[in-house]
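Data block below; observations after.
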Amino acid sequence: VIAVISQLGIETTSFVAIFGAAGLAVGMALSGTLQNFAGGAMILIFKPFKVGDVISAQGYTGSVSEIQIFNTYLKTPDNKVVILPNGPLANGTIINFSKAEKRKIEVIIPIRYGDNLDGIMSTLLESFLLEDKILKEPEPSIQLTQLGEEKASLSIQVWVKNVNFNVVSNTVNAIVYRLVSSEGFLNLKNQND
């Protein structure tokens, strides 16, 4: 069009400047959209997550309910829908809780000095081994992790299949809760003396 106008003898410099400025404005206006489009294409090609996976990204955690070319939809545990633009999502950190077959549950609990450490550990391990959804390989483990002035801490670690994570988390917490004394510390001294 500019070539035809210039053949007619009309000055085209101003047309070129207008078209250039318009192209720049449109390009800048679409930059976020194009970034989201490219991010959506990357997510669909490389599949860092799929529909149904539980992920944490951009400060939100939820189940992926839909992946579109420009946005990804998450459903949070309290049933809110979060719409994440794919550009920042593809370029940011994503934690996929569903990708691995197994997950570790870790609970930190306080114990008092003088409590029966061996009794606490063996009672907890026996309780965990009775639960069929807690994996036997890797074995459940309990470690003394911190020594404070008035108390110490035990780190309880059990492995579960990913699909059982929430159920077993509740089970582990219930087992520990049943063994906690009224002061909030594990105390098996009376049971093992």
Side-chain angles (χ1 to χ4, degrees), residues 43 46-65 67 72-82 84 88-193:
I43 289 169
F46 293 109
K47 301 184 186 327
F49 54 84
K50 62 185 186 313
V51 172
D53 282 357
V54 176
I55 66 167
S56 182
Q58 296 181 348
Y60 298 98
T61 299
S63 174
V64 177
S65 59
I67 303 170
T72 295
Y73 291 73
L74 292 185
K75 186 178 277 190
T76 64
D78 58 349
N79 211 27
K80 294 177 185 169
V81 175
V82 179
L84 300 174
L89 183 60
N91 292 321
T93 301
I94 302 169
I95 300 171
N96 188 334
F97 297 104
S98 304
K99 195 102 170 160
E101 184 180 333
K102 299 176 187 175
R103 281 183 68 188
K104 179 173 69 171
I105 297 171
E106 183 174 23
V107 178
I108 306 292
I109 55 172
I111 61 169
R112 287 187 290 223
Y113 292 111
D115 285 351
N116 184 344
L117 183 62
D118 292 333
I120 291 170
M121 293 172 86
S122 65
T123 301
L124 285 170
L125 286 174
E126 287 171 17
S127 299
F128 296 145
L129 292 174
L130 293 175
E131 294 296 326
D132 60 339
K133 290 184 177 160
I134 293 177
L135 299 176
K136 308 309 181 242
E137 184 60 39
E139 290 182 343
S141 68
I142 302 175
Q143 300 169 349
L144 188 62
T145 56
Q146 293 179 347
L147 300 174
E149 288 184 23
E150 297 181 14
K151 63 181 168 113
S153 295
L154 290 179
S155 171
I156 300 168
Q157 300 172 0
V158 298
W159 288 85
V160 297
K161 289 185 177 179
N162 206 329
V163 295
N164 297 327
F165 182 81
N166 289 334
V167 172
V168 177
S169 289
N170 290 334
T171 301
V172 168
N173 287 334
I175 289 170
V176 172
Y177 179 80
R178 285 193 295 269
L179 298 174
V180 172
S181 69
S182 61
E183 293 84 19
F185 294 89
L186 277 174
N187 188 349
L188 301 179
K189 289 171 80 172
N190 296 333
Q191 298 177 23
N192 295 289
D193 284 346

Measuring from atom [atom1] of [X] to atom [atom2] of [Y], what distance do you get when rounded to the nearest 0.5 angstrom?
X	Y	atom1	atom2	value
F165	K104	CZ	NZ	11.0 Å
I111	Q146	CD1	CD	11.5 Å
T93	I95	OG1	CD1	7.5 Å
E106	W159	CD	CH2	10.0 Å
I67	F49	CD1	CZ	5.0 Å
R112	K151	CZ	NZ	12.0 Å

Tell me which donor-acceptor pairs under 3.5 Å the side chains of residues 130-144 have, and how far apart each pair is, sequence neighbours excluded?
{"residue": "K136", "atom": "NZ", "partner": "L129", "partner atom": "O", "Å": "3.3"}
{"residue": "K136", "atom": "NZ", "partner": "E131", "partner atom": "O", "Å": "3.0"}
{"residue": "K136", "atom": "NZ", "partner": "I134", "partner atom": "O", "Å": "3.0"}

Any side-chain to backbone donor/acceptor pair from [X] onto [Y]? Under 3.5 Å, distance only.
X	Y	value
N162	A100	yes
N116	G119	yes
N164	V160	no

**OP:** Quick one: list whatever passes side-chain hydrogen bond (donor to acceptor under 3.5 Å, both in side chains) with S153, sequence neighbours left out.
**Re:**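 Once residues adjacent in sequence are excluded, S153 has no partner under the side-chain hydrogen bond (donor to acceptor under 3.5 Å, both in side chains) criterion.
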**OP:** Please list all pairs passing the salt bridge (Lys or Arg N to Asp or Glu O under 4.0 Å) test where one or both residues lie in residues 51-63, with sequence neighbours left out.
**Re:**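 Of all non-adjacent pairs touching residues 51-63, those that pass salt bridge (Lys or Arg N to Asp or Glu O under 4.0 Å) are K50-D53.
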Original post:
Under the salt bridge (Lys or Arg N to Asp or Glu O under 4.0 Å) rule, what pairs show up with a residue in residues 73-82, not counting sequence neighbours?
Top reply: D78-K80
Within a strict 4.5 Å, meaning less than it, do heavy atoms of the [X] and [Y] side chains meet?
X	Y	value
V172	V158	yes
I156	I109	yes
V82	Y73	no

Subject >> All salt bridge (charged side-chain N to carboxylate O under 4.0 Å, His left out) counterparts of K161, not counting sequence neighbours >> reply: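 Checked K161 against salt bridge (charged side-chain N to carboxylate O under 4.0 Å, His left out); zero matches.
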Using distance only, find each side-chain donor-acceptor pair of residues 54-63 under 3.5 Å and give its atom names and separation, not counting sequence neighbours.
{"residue": "S56", "atom": "OG", "partner": "T61", "partner atom": "OG1", "Å": "3.1"}

**OP:** Grab the two heavy atoms, one from G52 and one from S98, that are nearest each other, plus how far apart they are.
**Re:**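 Result for this residue pair: O-OG, 4.4 Å.
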**OP:** Using the side chain to side chain contact (heavy atoms under 4.5 Å, CB included) rule, take V81 and L74 through it: C-alpha gap first, then chi angles, then the decisive distance, then the call.
**Re:** CA-CA 6 Å; V81 175; L74 292 185; over 6 Å; no
